[in-house]
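Report on one structure; see the data block that follows.
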Amino acid sequence: MLRPDLLLQPTPKGLYCPPGDFYLDPVRGAVDRAVISHGHSDHARGGHGKVLAHPDTLAIMACRYGANFAKSTQALEYGETVEINGVTVWLAPAGHILGSAQVVVEHKGLRMTFTGDYKRRFDPTCATFEPVENTHVFISEATFALPVFRHPDTGHEIDRLLQSVTDFPERAHCIGAYSLGKAQRVIRHLRLAGYDDPIFIHGSLEKLCAHYQSVGIDLGTLILATSDDTSKAAREAFRGKIIIAPPGAFEGKWAQRFPDPILGFASGWMSIKQRAKQRGVELPLVISDHADWDELTDTVREVNPEELWVTYGREDALVRWAELEGRRARPLRMVAYDDEAG
Ligand SMILES: [Zn+2]
């Protein structure tokens, strides 16, 4: 069997496949050929030559970077295979955001599975993570790879938000959520919990929410909170309502329109009380699009690879855990990493 480091190599530009001559999620400069796991900007950049990705990821990249974000694109559905210079590539659902995929790379009897970002718990806006059998090398993300990170049940966090809306009907609920994935997921969870009031959104969410709706993810009635109407009536209309925007938007002038706001933030990082406090978050909602410690370790046991490679985040803790379990493991120490999704 081929040696793993001959099939995928960590480089400053991202994981590189020498026989296939392509990169996985290259984010340092443009490359000729890229396979992209999902649409977050710390994985998907514009300007590459050829891009291979799930159709939803291509659509998301077009929303964010314009239709000409690459010289050419190729869409690959989950489970469909393609040959790149004799290397077989296919995608399996990663459960992270719409279109997110694990990239499976196979050559000369060796199968390597790159998770991109992933999670295991229920997300009504994307396909559920599927473990890839007979994986020789499993390349796992590690954003929340410390035993202190154990995310609560998502329904519980959504109930806390709805309870706050009931308890404080005179205040606007301003909920920070990253514009791709988290925002749509929070909205969809609210709808599933029976909340059917219109939800106000920041303009930067408009195109992405429209794409989610176009593929059948019902987000209900969304109203753009972009009006320049500064009248008292316009301001009063936000009382008791939920407004969703990227976290930074609530720090600017745009947010001054909301009466007596309660500031919330939906992120896995909200389990760190100090972080919530620093950001002035009154209603921290621990809703993450990444696997927590138990999901990471359970997944490694389930996939049961011959070798674990760890990247994007807390590499050392997961590597150490694996070694204590008698597993071969290595940190990739590949790129400085910037988590967009939390
Ligand atoms: Zn991501």
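None of these values were measured; they are calculated from a predicted model. Order of appearance sets the numbers: ligands from 1, and atoms from 1 within every ligand. Throughout, residue positions are numbered sequentially from 1 according to the sequence presented.
- Within His40, ND1 is the N, O or S atom that lies nearest to the Zn ion (ligand 1).
- For Asp117, the N, O or S atom with the smallest separation from the Zn ion (ligand 1) is OD2.
- Take the N/O/S atoms of His38: the one nearest the Zn ion (ligand 1) is NE2.
- Metal site remark for the Zn ion (ligand 1): His290 contributes no N, O or S atom at a distance under 2.8 Å.
- Salt bridge present: Glu325 and Arg301 bring a charged side-chain N and a carboxylate O closer than 4.0 Å.
- Residue Arg150 places its CZ atom among more than 12 non-hydrogen atoms of other residues, nucleotides or ligands, all under 6.0 Å distant.
- For the pair Trp293 and Val148, the minimum side-chain heavy-atom distance is 4.5 Å or more.
- Not one N or O on the side chain of Arg45 forms a donor-acceptor pair closer than 3.5 Å with the backbone of Asp42.
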